[in-house]
Protein chains: 2
Amino acid sequence: MYTQRVSLEPIRYVLYGITERKTMANCRRCAIHGGHAFCVRRVPVFAALDDKELSHVASHIHQRTYQKGDILFLEGEPLHALIIIHTGSVKAYKTTPDGREQILYLFQTGDFLGEQNLFENHNASYTVEALENVITCAFSRDSFQALLLEHPVIAIKTIEELSKRIAQLENTLKSLGVRSVDGRIAALLMDYAERFGAIVPEGVLIQLPLSREGIANQLGITRETVSRKLSRMENGGVIRTVGSKRILILDRQTLETTANQMNAI
Amino acid sequence: MYTQRVSLEPIRYVLYGITERKTMANCRRCAIHGGHAFCVRRVPVFAALDDKELSHVASHIHQRTYQKGDILFLEGEPLHALIIIHTGSVKAYKTTPDGREQILYLFQTGDFLGEQNLFENHNASYTVEALENVITCAFSRDSFQALLLEHPVIAIKTIEELSKRIAQLENTLKSLGVRSVDGRIAALLMDYAERFGAIVPEGVLIQLPLSREGIANQLGITRETVSRKLSRMENGGVIRTVGSKRILILDRQTLETTANQMNAI
DNA sequence: GAAAAACTGTGATTCAAGTCAAATCATCTA
DNA sequence: TAGATGATTTGACTTGAATCACAGTTTTTC
């Protein structure tokens with residue numbers, strides 16, 4: 001059985017080494033005790049700060065918890081804080097005029113969001129919904145601005161993070177612009193494997209963050225098509241579904257090829 | 001005849017007022033005389049600097065000219081400068097494994113690019129090609145970094161600009177994720193109208209920056225489909241093509257509706 | 001200004017993904 | 001654990017964009 005290896009924590013442990021996870025453990029503990037220093041340090045943007053500065057930052061943080069399915073904020077709402085995902089994961093999406101949702105990002109522990117609202121009076125450009133129980137740390141706009149002016153290093157880090165996000169969006173855009181749905185699904189599975197996968201003897205086991213419908217909303221296709229394509233991949237021996245919430249990648253090579261050739265069968 | 005009203009300069013004049021254009025004229029003049037102060041000021045990021053700082057910035061700039069069709073840089077190449085479009089326009093695209101190009105951005109006079117390469121040693125994430133004769137001002141990575149540390153205000157401006165670009169990408173993503181091709185074309189025309197359109201008595205006249213094939217590559221569809229959809233819109237009285245490089249929007253209302261309902265005919 | 005080259009439009013056909021409908025499977029709850 | 005509920009899979013059919021082919025048009029080049 002795979003079930004014992006499958007919770008999110010050991011998965012990232014396996015793939016990325018333990019440093020992140022260790023910090024996470026501390027962070028969780030520190031949160032229970034009311035402090036935020038470690039929580040803040042987990043955010044790349046604040047990595048350059050020393051302990052004193054960190055605790056100053058931490059003192060401006062407000063924590064909130066959400067249940068699975070709760071909306072953190074709605075597209076169009078004013079938002080005056082930088083939000084850090086302390087525990088859990090969320091999806092960020094825009095609703096199209098015909099009612100579908102286009103998922104733009106999946107954010108996990110340590111990611112931050114709301115950066116575009118920190119300077120001008122922009123409203124949220126997407127809706128954010130908890131995929132599981134979530135704890136967030138919110139950092140007010142004013143505090144963040146003051147911090148930036150004091151510590152240009154943080155500004156530079158922020159620019160780097162935004163640049164990364166841009167690069168990621170550009171890639172998603174390229175892959176949506178490409179016709180083949182097979183290619184998109186393969187690329188999505190590769191991405192999930194990195195972010196939600198655990199190495200097991202047979203291959204990489206992915207703990208899916210979204211339902212079939214969620215995947216469809218991320219790829220701009222229908223849930224039926226997702227089902228059919230996955231079935232086909234399973235028949236072809238490329239993947240094996242484990243229940244409906246897990247997928248085991250058996251043939252990484254073929255998946256990669258499919259993702260790259262874009263015009264696959 | 002529309003031809004007299006159609007060059008890019010008066011177009012933006014009509015829609016956005018003359019301040020930008022005036023600066024542009026100065027900038028062009030200043031470039032001829034070897035200075036760059038005005039050129040630099042046109043870039044929002046540097047707007048907060050005073051004259052002395054501006055001329056310091058300008059002293060680090062290298063100018064280059066390109067012919068229509070020239071490649072400014074290729075996806076994957078190392079790039080160590082921030083590039084400002086001084087005159088002209090360019091397209092930025094990624095090449096998909098099957099040889100198609102997915103256009104990500106059209107940059108015009110005053111836009112900057114290459115920001116993601118300013119900190120880490122990232123390579124260019126897209127290829128940039130001149131759509132007409134282009135003059136660029138390049139600003140070396142080292143100078144820019146030094147400037148950021150000295151002037152946190154510039155860092156903040158940069159973050160704002162990047163946030164805007166992210167918002168734009170997110171919108172493009174949403175529209176590609178949506179199925180209807182009619183919707184995408186309508187949305188593209190609305191976007192072009194704002195950026196490349198002039199108000200004329202009959203409606204808005206767009207000077208197309210790209211060929212049918214270019215439009216197709218921006219929308220992730222084929223050039224034949226673009227042709228057919230435009231023909232249909234013309235038959236429906238929504239637009240009128242003026243030669244093959246211009247489109248006159250007659251019925252903005254219908255266009256808007258089509259762009260929004262996403263499931264149009 | 002004529003020839004060449006590149007771009008554009010249109011028809012016929014194909015095919016992949018969408019839609020609608022129903023059956024099966026998984027999971028949650030009492 | 002059984003039943004209820006919701007999610008997933010599968011099938012049949014439809015639709016709309018891609019592909020292929022070619023004619024017409026515009027733009028470039030010499």
Side-chain angles (χ1 to χ4, degrees), chain A residues 1-3 6 67-69 96 98-100 131-133 176-186 188 207-235 239-247 258 261-265, chain B residues 3 67-69 96 98-102 129 131-133 176-186 188 207-235 239-247 258 261-265:
Chain A
M1 287 305 290
Y2 305 113
T3 14
V6 159
Q67 305 273 302
K68 176 178 175 175
T96 63
D98 62 331
R100 285 183 53 255
L131 292 173
E132 53 193 316
N133 291 345
L176 271 191
V178 158
R179 258 146 298 161
S180 156
V181 166
D182 298 79
R184 288 190 226 175
I185 291 190
L188 181 102
Q207 175 76 23
L208 295 174
L210 293 173
S211 68
R212 296 292 183 273
E213 179 147 30
I215 293 172
N217 289 339
Q218 208 177 345
L219 297 176
I221 56 182
T222 60
R223 62 190 155 69
E224 292 97 327
T225 300
V226 174
S227 272
R228 279 189 252 267
K229 295 293 181 187
L230 290 177
S231 297
R232 239 179 130 157
M233 286 184 178
E234 187 155 18
N235 291 338
I239 62 171
R240 192 195 311 152
T241 54
V242 183
S244 69
K245 292 252 167 66
R246 282 188 279 276
I247 287 181
T258 309
Q261 75 192 25
M262 304 271 167
N263 278 328
I265 307 157
Chain B
T3 13
Q67 303 273 302
K68 177 178 176 176
T96 64
D98 62 331
R100 285 182 53 256
E101 65 183 46
Q102 176 65 46
E129 183 183 326
L131 292 173
E132 54 193 315
N133 292 345
L176 272 190
V178 157
R179 258 147 295 159
S180 154
V181 166
D182 298 79
R184 289 191 223 173
I185 291 189
L188 180 102
Q207 175 77 24
L208 295 174
L210 293 172
S211 67
R212 298 289 185 274
E213 179 147 31
I215 293 172
N217 288 340
Q218 206 179 344
L219 297 176
I221 57 181
T222 60
R223 67 189 166 73
E224 292 97 326
T225 300
V226 174
S227 272
R228 279 188 251 268
K229 295 294 182 189
L230 290 178
S231 296
R232 236 178 134 157
M233 286 186 178
E234 188 156 17
N235 291 337
I239 61 170
R240 190 195 315 152
T241 54
V242 182
S244 69
K245 291 253 169 62
R246 283 188 277 275
I247 287 180
T258 308
Q261 75 191 25
M262 304 275 167
N263 278 330
I265 307 156

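Proteins come first, then strands; the chains are lettered A, B, ... in the order of their sequence lines, and each starts at number 1.
- Under the 3.5 Å distance criterion, the side-chain polar atoms of B:Q218 are left unmatched by any main-chain donor or acceptor of B:Q102.
- Interatomic distance, B:R223 CZ to B:I215 CD1, rounded to the nearest 0.5 Å: 13.0 Å.
- Across the protein-nucleic acid pair, B:L176 atom CG and D:dA17 atom P stand 14 Å apart, rounded to whole Å.
- Closest to the B:R212 side chain, of the nucleotides D:dA18, C:dT19, C:dG9, is C:dG9.
- Using a 4.5 Å heavy-atom threshold, the side chains of B:I185 and B:L219 count as touching.
- The side-chain hydrogen bond (donor to acceptor under 3.5 Å, both in side chains) search around B:E129 returns B:Y93, not counting sequence neighbours.
- Regarding contacts with the backbone of D:dA7, every side-chain N or O of A:S211 stays at 4.0 angstrom or more from both OP1 and OP2.
- Distance check, rounded to the nearest 0.5 Å: CG of A:D182 to OG1 of A:T258 gives 7.0 Å.
- Atom pair A:L230:CG and D:dT10:C1' shows a separation of 14 Å (rounding to whole Å applied).
- Terminal axes of the helix from C:dG1-D:dC30 to C:dA30-D:dT1 (five pairs each, C1' rotation axis) are separated by 60°, to the nearest 10°.
- In this structure, the CD atom of B:E234 is 13 Å from the C1' atom of C:dT8, given to the nearest Å.
- Within 4.0 Å of B:T225, counting heavy atoms only, lie sugar-phosphate atoms of the nucleic acid but no base atom.
- Here D:dT9 presents its C1' atom at 14 Å from CD1 of A:I185, a figure rounded to the nearest Å.
- When distances are taken from the side chain of A:S231 to each of D:dT8, C:dT10, D:dT10, the shortest belongs to D:dT10.
- Distance, A:R232 CZ to D:dT9 P: 16 Å, rounded to whole Å.
- The side chain of B:K68 sits closest to D:dT28 out of D:dT9, C:dT8, D:dT28.
- Taking B:T225 as the reference, B:T222 meet the side-chain hydrogen bond (donor to acceptor under 3.5 Å, both in side chains) condition, with sequence neighbours excluded.
- Distance CG/A:L131 to NZ/A:K68: 8.0 Å, rounded to 0.5 Å.
- Between A:I221 and A:K229 there is no side-chain heavy-atom pair separated by less than 4.5 Å.
- Looking at residues two or more places apart in sequence or on another chain, you find a salt bridge (charged side-chain N to carboxylate O under 4.0 Å, His left out) between B:E101 and B:K91.
- The B:V181 side chain lies nearest to D:dA17 when the options are D:dA17, D:dT9, C:dT8.
- Contact annotation: A:K229 reaches the phosphate of C:dA17 (side-chain N/O to OP1 or OP2, under 4.0 Å).
- Atom-to-atom, CD1 of B:I215 to P of D:dA17 comes out at 16 Å; the value is rounded to the nearest Å.
- Note: CG (B:N217) to P (D:dA18) measures 12 Å, nearest angstrom.
- Here the C1' atom of nucleotide C:dA5 and the CD atom of B:E213 are 15 Å apart, to the nearest Å.
- Rounding to the nearest 0.5 Å gives a distance of 5.5 Å between CG of A:L230 and CZ of A:R212.
- Not counting sequence neighbours, B:S211 has no partner by the side-chain hydrogen bond (donor to acceptor under 3.5 Å, both in side chains) test.
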Mind listing the N/O atom pairs, protein and nucleotides 2-4 of chain C, below 3.5 Å?
none

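- In this view, A:E234 and A:T241 satisfy the side-chain hydrogen bond (donor to acceptor under 3.5 Å, both in side chains) rule, not counting sequence neighbours.
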Provide a list of protein-nucleic acid N or O atom pairs under 3.5 angstrom, restricted to nucleotides 20-26 of chain C.
unit_1	atom_1	unit_2	atom_2	d
C:dC20	N4	A:E224	OE2	3.3

